[in-house]
Amino acid sequence: MNPLAILRKDCERPIVNIDDFSLLDERDHLHYLDSAATTQKPRAVLQAMQSYYEQHNANPHRGAYELSAQSTEAYERSRKRIARFLGVADVDTLIFTRGTTESLNVLATAWGRANVKAGDRIVVTRMEHHANFVPWQQLALAVGAEFVIAELAPGGVLDLDHLAQCCTPNTKVVAFGQVSNALGTINPVSEIVRIARTTGALVVCDGAQGVPHFDAAVDALGVDAYVFSGHKMLGPMGIGGLVVRREILEAMPPYQFGGDMIALVGDERSTWNVLPHKFEAGTPNVAGAVGLAAAAQYLDGIGMSRVRAHEAALLAYTTARLTEVPGVTVLGPPPERRSGVVSFVLDEVHPHDIAQVLDSAGVCVRSGHHCAQPLMRALKVSATTRASFYVYNDADDVDALIVALLTTRDRMGLA
Amino acid sequence: MNPLAILRKDCERPIVNIDDFSLLDERDHLHYLDSAATTQKPRAVLQAMQSYYEQHNANPHRGAYELSAQSTEAYERSRKRIARFLGVADVDTLIFTRGTTESLNVLATAWGRANVKAGDRIVVTRMEHHANFVPWQQLALAVGAEFVIAELAPGGVLDLDHLAQCCTPNTKVVAFGQVSNALGTINPVSEIVRIARTTGALVVCDGAQGVPHFDAAVDALGVDAYVFSGHKMLGPMGIGGLVVRREILEAMPPYQFGGDMIALVGDERSTWNVLPHKFEAGTPNVAGAVGLAAAAQYLDGIGMSRVRAHEAALLAYTTARLTEVPGVTVLGPPPERRSGVVSFVLDEVHPHDIAQVLDSAGVCVRSGHHCAQPLMRALKVSATTRASFYVYNDADDVDALIVALLTTRDRMGLA
Amino acid sequence: MSAELEELYQSIILDHNRRPQNFRVMEDASGHADGLNPLCGDQVTVWIKLDGDRVADVSFQGQGCAISKASASLMTQAVKGKTLAETQAIFDRFHAMVTGQGAEGITGGMKALSGVSKFPLRVKCASLGWHAMKAALDNAAP
Amino acid sequence: MSAELEELYQSIILDHNRRPQNFRVMEDASGHADGLNPLCGDQVTVWIKLDGDRVADVSFQGQGCAISKASASLMTQAVKGKTLAETQAIFDRFHAMVTGQGAEGITGGMKALSGVSKFPLRVKCASLGWHAMKAALDNAAP
Ligand SMILES: Cc1ncc(COP(=O)(O)O)c(C=O)c1O
Ligand SMILES: Cc1ncc(COP(=O)(O)O)c(C=O)c1O
């Protein structure tokens with residue numbers, strides 16, 4: 001076999017049963033390459049939510065009757081299951097939120113307003129998603145702190161030397177992504193943590209693009225806070241999480257106030273419930289948690305090392321085949337340092353037009369700034385085209401991408 | 001027919017096809033009387049969410065491909081459908097949130113921190129749910145404003161004279177519930193609004209127990225902000241809304257920061273997207289919105305006046321039959337001024353024990369403070385037992401409740 | 001009416017609920033502590049008087065369901081006059097029983113609380129007074 | 001390749017994309033305005049020079065997809081030399097066309113933009129320069 005054929009063979013089939021994904025199963029010619037934005041959902045996830053609603057639906061925590069107890073049990077069992085998947089031992093330090101964006105806003109507001117003062121410093125990186133950039137920027141503006149961006153080294157990786165320079169003693173927050181959604185860059189978490197620990201900062205890791213793609217082993221990362229979204233890891237929309245070290249969570253004021261999070265509500269003052277309830281005001285999204293637990297179960301069934309290997313294989317094959325398309329430049333570091341993401345520009349064609357032509361061939365890719373305008377400025381592009389892979393993709397999807405890119409050049413009148 | 005038989009006849013059958021509700025359909029002896037906590041979901045709602053995931057699932061707003069456009073369309077069509085159901089003309093002033101609790105926290109934080117200063121006054125009522133009490137209390141504590149509670153008149157209704165006294169010129173917020181979840185009291189919104197308008201306050205109506213039970217006609221209420229939860233109106237968990245007058249929303253700073261809500265993200269400052277996006281940071285819960293729109297559709301199919309009439313009939317029958325149970329005292333105003341809620345105490349039996357015995361007869365009721373500790377203090381009870389009705393309940397449920405209450409007395413050794 | 005419910009609300013429980021033992025404020029306590037169940041609003045205060053390493057007296061007051069009241073009442077009977085070590089052992093046996101790990105070594109009226117183990121939601125009710133007792137011991141001036 | 005896509009990317013569009021007309025900064029403009037599409041990051045600036053109630057000159061610069069660039073370029077050709085009233089009428093006809101309400105009264109190169117109506121997502125792209133032109137007129141010192 002020629003080298004390309006070998007690469008193709010390594011990702012010839014998806015690592016899941018495609019029947020599990022109705023949308024992909026039923027639309028035969030759909031090549032869904034936008035999993036970094038959101039993933040498709042296996043039947044097991046939809047089924048788990050449906051069963052919950054059909055068999056145990058009730059408001060949890062507050063009811064003395066059996067159905068409500070079942071709902072509570074479903075909710076708390078889901079928390080345990082997801083904590084296990086994440087590698088989080090202290091289950092009650094996993095707070096359910098709507099997703100990564102909310103989790104980061106909880107930190108920037110509840111922790112940030114209580115702990116960051118004028119003259120303090122907040123450090124983020126150049127490659128952050130807006131969700132891990134704007135909340136910190138706005139916190140800094142609100143309290144008069146300094147907002148500092150650790151820049152990139154050539155090749156779309158973080159400049160660790162610059163990060164070290166940024167981490168002055170007055171640094172109160174160091175926030176970074178485990179994996180860049182725009183480039184796929186896998187950040188060296190342990191080195192970042194080591195640098196950040198030279199300060200007394202809260203070390204925040206945005207795992208939105210980490211936990212779906214490899215074993216997150218959150219406790220082992222050594223960070224103070226870890227955040228993620230369910231919908232990017234086969235789970236439903238509207239659910240995600242925030243994991244924070246217990247001492248920090250206990251010292252932190254609540255983010256939202258209302259039912260379930262209180263202990264005593266006086267006319268003048270109130271006191272708060274224990275973890276995790278203190279940070280979960282209002283009726284929880286039990287069905288969402290149940291669906292997310294089913295997603296964790298499904299991913300564990302595949303094995304996260306297989307997920308990682310499959311994405312790496314798809315990436316290798318794509319990288320090889322992209323050389324067939326004249327004028328393509330892939331952004332970011334070499335494939336070994338990337339998760340299953342290919343972000344590229346094509347000479348003389350705007351990403352929006354690429355996405356449009358690709359769509360007409362059933363190839364779904366994202367075009368734009370990928371919620372990373374600060375990164376786009378540094379890369380001196382206004383937008384890129386991004387293909388991102390997951391467990392249900394295979395070499396056919398890559399082939400379709402390549403053919404469609406050649407068509408695009410054609411269609412746009414390039415020689 | 002004797003009078004009781006007539007009352008029974010008026011609520012003999014549910015006003016929905018019980019097949020639509022799997023959980024109720026399959027558990028024949030379940031008498032679900034806790035809809036004020038959360039409602040059961042019709043198949044149409046579960047089906048709508050499932051179809052969305054199976055046919056249109058993608059991250060909306062950010063994709064240039066057709067599937068993403070379908071997702072955007074599903075999301076925005078849902079917003080329109082729900083706005084129509086609510087009687088809200090300016091569709092983009094309907095912001096999706098996780099539910100009532102989050103909606104109120106958005107107001108208390110984003111609007112409150114920008115507009116309420118030391119020495120200002122915030123007025124709530126004695127019968128508020130913690131979600132419409134604690135966020136305002138904590139805002140007052142944080143900024144040094146005065147937190148004032150409008151008390152009840154005898155009979156569990158709001159004392160409008162006292163409210164008028166509370167509404168001094170320095171009042172910046174008047175927050176009240178459309179219907180009390182703990183007692184079922186329907187508040188006279190137009191009179192409250194008239195009183196509140198003697199100040200320049202933001203007038204906030206908690207519609208969590210309003211919109212599920214009668215035509216909310218939000219625009220006609222004349223309030224500045226209206227909030228509600230999907231799961232209490234046949235919709236899924238994890239979705240709800242916040243409606244605010246456009247000028248106020250436009251002047252208000254964002255609540256959370258991240259993707260979708262930005263226009264330009266600079267290294268130092270950022271600017272915001274237009275409504276409704278400015279207040280919807282991060283990947284939205286599209287499936288939740290789709291499910292909620294299906295719930296609105298389902299309720300419109302029944303007709304909200306029939307919903308109201310059915311609950312009134314159930315309430316009348318229950319009120320009549322409760323006289324058969326020695327030692328029962330129903331709290332709150334007479335049935336005509338209540339929605340489908342009966343909150344009561346039973347001499348010498350704690351609500352928790354009542355709920356336990358009722359549960360063993362398949363009757364699900366809530367016992368406790370109903371997230372209304374300030375109200376419980378004023379009523380001088382530590383807890384009550386609450387039965388609450390909805391479209392799928394009928395006279396059988398009431399009969400089961402009465403029999404189970406008699407059993408409870410027996411079981412607890414009362415003569 | 002299920003058999004489990006019969007077992008939960010045994011007549012001993014109902015008696016203790018109606019006429020709780022040691023249901024009073026203690027003026028000269030060595031320590032006291034409050035217990036609160038935020039879900040249902042139940043609330044209890046327990047007072048302890050120590051004599052050396054012995055529980056010379058114990059009392060409680062508060063409002064709660066039959067289970068929490070009877071359990072607190074039975075607790076006062078069980079630990080009064082016991083040493084600290086014995087009290088801990090009784091607590092452990094109680095805890096094992098209500099969480100369904102067996103009723104070994106349980107004696108007297110406390111047996112009546114075994115039905116709680118079938119109702120996980122009520123374990124908190126049954127434990128409220130017990131945890132407050134432990135906290136009162138921790139607070140007690142020796 | 002679908003027929004609709006063929007219609008979207010007609011050769012006139014591709015030509016205007018490659019060689020946009022009036023693609024320059026205007027130093028002595030009566031007014032100018034920026035347009036931004038926050039979803040894709042496309043961005044355009046339009047300059048207008050008025051002579052009485054006539055558009056004496058119009059130009060643009062910016063970055064964007066083929067549709068937005070070609071549409072802005074075609075816009076400059078369409079309105080240059082027109083009165084304010086005529087400009088408004090052209091804008092209205094353009095808007096009706098791209099939102100699928102018919103291409104009545106559309107003349108010249110602008111016809112090439114009719115394919116946009118089949119792609120609701122691209123209406124924003126096509127409109128970017130047009131809205132900026134309107135805003136520039138609003139800002140223009142008369
Ligand atoms: C790295 C990263 N952080 C944060 C987010 C925001 O996640 P969500 O939109 O689910 O809140 C995303 C996805 O959009 C992401 O890729
Ligand atoms: C009147 C009222 N307000 C607010 C809430 C809080 O709603 P949620 O828990 O859905 O946020 C509820 C329900 O629990 C309620 O009944």
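The model shown is predicted, which means the values in this text are computed figures rather than measured ones. Just so it is clear: chains get the letters A, B, ... in the order the sequence lines come, proteins before strands, and each one is counted from 1.
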Measuring heavy-atom distances to chain A, does [X] have an atom under 4.5 Å in its side chain, in its backbone, in both, or in neither?
X        : value
B:Glu268 : backbone
B:Gln137 : side chain
B:His56  : both
B:Asn105 : side chain
B:Pro254 : neither
B:Met49  : side chain

Worksheet item: Quick one: of A:Asn57, A:Val134, A:Asn285, who has the most non-hydrogen atom pairs under 4.5 Å with chain B?
Response: A:Asn57

Using a cut-off of under 4.5 Å for heavy-atom pairs, which of [options] has the most such pairs with chain A?
options                               : answer
B:Pro253, B:Pro135, B:Ala355          : B:Pro135
B:Gly266, B:Pro374, B:Ser35           : B:Gly266
B:Gln356, B:Arg269, B:His352          : B:Arg269
B:Val363, B:Asn132, B:Thr39, B:Leu264 : B:Leu264
B:Val286, B:Ile239, B:Asp267, B:Asp25 : B:Asp267
B:Gly240, B:Gly368, B:Ala58, B:Gly288 : B:Ala58

Discussion item. Which heavy atom of B:Gln373 sits nearest to which heavy atom of A:Val265, and what is that distance?
Written reply: OE1-N, 2.6 Å

Worksheet entry | Full working for side chain to side chain contact (heavy atoms under 4.5 Å, CB included) between B:Tyr52 and B:Ser71 | CA-CA 8 Å; B:Tyr52 165 76; B:Ser71 186; 2.7 Å; yes

Discussion item. Could you work out, with ring pair (Phe, Tyr, Trp, His ring centres under 6.0 Å) as the rule, every residue matching A:Phe133, not counting sequence neighbours?
Written reply: A:Phe147

Practice prompt. Would you please name every residue forming a ring pair (Phe, Tyr, Trp, His ring centres under 6.0 Å) with B:Phe279, sequence neighbours left out?
Written response: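 For B:Phe279, no residue satisfies ring pair (Phe, Tyr, Trp, His ring centres under 6.0 Å) once neighbours in sequence are set aside.
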
Worksheet item: Given a strict heavy-atom distance threshold of 4.5 Å, which part of A:Pro351 is in contact with chain B: side chain, backbone, both, or neither?
Response: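 Nothing of A:Pro351, per the 4.5 Å heavy-atom cut-off to chain B.
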
